[in-house]
> 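My questions will all concern the structure given below.
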There are 2 protein chains.
Amino acid sequence: MGLFSGLDRGVTQVARRLRSALPGELLHQAGEAGLAWRVGKGVLRLDMMADDGTAAFASLAIAGDILGCETMLFGAYTFSAVALTQCELAPWPEGDPDASGSSLLESLANAQRRAAEIVALRGGPALGRVTSLIRLLADGAGKVVLPPRQDIAEITDLRFETISRIIKGLERSQVLLPVRIEGVHATRAYSVASGILPA
Amino acid sequence: MGLFSGLDRGVTQVARRLRSALPGELLHQAGEAGLAWRVGKGVLRLDMMADDGTAAFASLAIAGDILGCETMLFGAYTFSAVALTQCELAPWPEGDPDASGSSLLESLANAQRRAAEIVALRGGPALGRVTSLIRLLADGAGKVVLPPRQDIAEITDLRFETISRIIKGLERSQVLLPVRIEGVHATRAYSVASGILPA
DNA sequence: CGCATTTTTGATACACGTCAATCTCCGTGG
DNA sequence: CCACGGAGATTGACGTGTATCAAAAATGCG
């Protein structure tokens, strides 16, 4: 039970400490103090300061990933985190800290595989990079709410004009079907043809 | 002491279990069984099977990184590992497993930062990608033994002809000075001008 | 409705890819 | 010691995918 042994651990408290974030929402900035989280749902974009002082895309965090674990070592976030889709986060470590050993090992193995996926998003022809990213962002039902073209561009190391042309092309070839969702920009919500969905 | 409690843990045994690898040497292949290691010195290239069955560059492992920790979960390596520079590896986890909790947390934070570095190697202009990689590969004294052009190409998502042109250009602009090292291909060993070395 | 933001589209430029011909290095065997 | 051969590196000519620049069109908001 760690630091909180003996304190009220009722369901309501645990539920209260969950955090959810809307697309575009800034979770935290590099250098700030804060907690570590486990991503329960959604996709986050992580940015790091480059040598020239500008924030550059560094990584994605996806369901299951640990966010900001370095705060437990240095007391500050290394990356800025912005929600790309709607996200749900839970404080980490959760539950019994004695079990966190194997959970940590699993998280490390996951982080290494996740890194490989993101590397793949930045190589090869532009079309493939964008469809791979869409696959990552799509929910199980074949719906996606895409981030702004500019974000997709920075993640894939392309330009937003290129992203626009590619997505329009996917629309025209019926791979993406525009869908209207209240409160979501009309150019962001799509239904995805099963052809490019994860096996 | 974990599994080996009470067994001979003398210095000679620990030394015997270290592993070193020469540039180009295959450490292990994806799917094989084996141990987890900590990289003590050198740089490894990790490859993953792509959808089409070919091995694709996935990540780099650098001094301090944990290699193959997933074998402790699944019993098999996820990535193939090839030494790019001369490497020294030590079995992991080392020493007292009770201390591995904080060590694991540190490894996780490291892995996430490492991933960001590798993402940066695959974005922006070709020249910058190559010099960043050279910076990663260089030793403290400003010497590098580069891997074959083809490896550099796959890591940076460029073509080997492009790499050749860039490295020749760095030679001509005196950023790289060819150095002769016995047993090393003449086009691989360089002295690096301080201009592009890590601050 | 007017305005800021984002997206789309077009025309053009260029960095890098592609293809193909050497060239260099280095191990091997005569 | 030198001829040979293979692997990797270099170089040139040319093609093309994406970047760049610029303008217009959507979209959402007060």
> Closer than 3.5 angstrom, by distance alone: can the side chain of B:E106 be matched with the main-chain N or O of A:E70 as a donor-acceptor pair?
no
> Using heavy-atom distances to pick each residue's nearest nucleotide on DNA chain D, tell me which of A:I166 and A:T187 is more 5'.
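Residue closer to the 5' terminus by nearest nucleotide: A:I166.
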> Looking at A:A21, is its backbone amide N or carbonyl O close enough to the side chain of A:E88 to form a donor-acceptor pair, meaning the two atoms are under 3.5 Å apart?
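Checking the backbone N and O of A:A21 against the side chain of A:E88, no donor-acceptor pair under 3.5 Å is found.
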> Would you mind telling me which of D:dT27, C:dC16, C:dT8 lies closest to the side-chain atoms of B:P125?
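Of all the options, the side chain of B:P125 is nearest to C:dC16.
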> What is the separation between atom CD1 on B:I181 and atom P on C:dC25, rounded to the nearest whole Å?
16 Å
> Between B:R172 and D:dT11, is there a contact of a side-chain N or O with OP1 or OP2 at under 4.0 Å?
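Affirmative; the distance criterion is met.
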> NA contact type, B:R188, heavy-atom cut-off 4.0 Å: base, sugar-phosphate, or nothing?
sugar-phosphate
> Any carboxylate oxygen within less than 4.0 angstrom of a Lys/Arg side-chain nitrogen, looking at A:R38 and A:D65?
no
> Would you classify B:R180 as touching base, sugar-phosphate or nothing, given that sugar-phosphate means primed atoms plus P, OP1 and OP2, and contacts are heavy atoms under 4.0 Å?
sugar-phosphate
> I need the CD-C1' distance between A:E171 and C:dT9, as an integer number of Å.
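Atom CD in A:E171 sits about 14 Å away from atom C1' in C:dT9.
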> For residues B:V39 and B:L89, report the shortest heavy-atom separation together with the two atoms involved.
CA-CD2, 3.7 Å
> Checking A:S164 side chain against A:F160 main chain: does a donor-acceptor pair fall under 3.5 Å?
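Flag not set: sc A:S164 to bb A:F160 has no pair under 3.5 Å.
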> Please give me the minimum heavy-atom distance between B:L18 and B:A90, naming the atom from each residue.
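Scanning both residues, the minimum pair turns out to be CD2-CB, 3.5 Å.
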> Round to the nearest Å and state the distance from B:I167 atom CD1 to D:dT11 atom P.
12 Å
> Check the distance between D:dT10's P and B:L146's CG and give it to me in whole angstrom.
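Nearest whole value for this atom pair: 10 Å.
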> Any residue in residues 150-165 of chain A with a heavy atom nearer than 4.0 angstrom to DNA chain D? Just list them by number, or reply none.
A:D157, A:L158, A:R159, A:E161, A:T162, A:R165
> Which whole-number value in Å describes the distance from B:K168 NZ to C:dC23 C1'?
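Taking NZ of B:K168 and C1' of C:dC23, I get 11 Å after rounding.
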> Taking atom P of D:dT18 as reference, at what distance in whole Å does atom CG of A:L127 sit?
9 Å
> Can you tell me if A:D151 uses its side chain to pair, donor with acceptor, with the backbone of A:E154 under 3.5 Å?
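Such a contact is absent between A:D151 side chain and A:E154 backbone.
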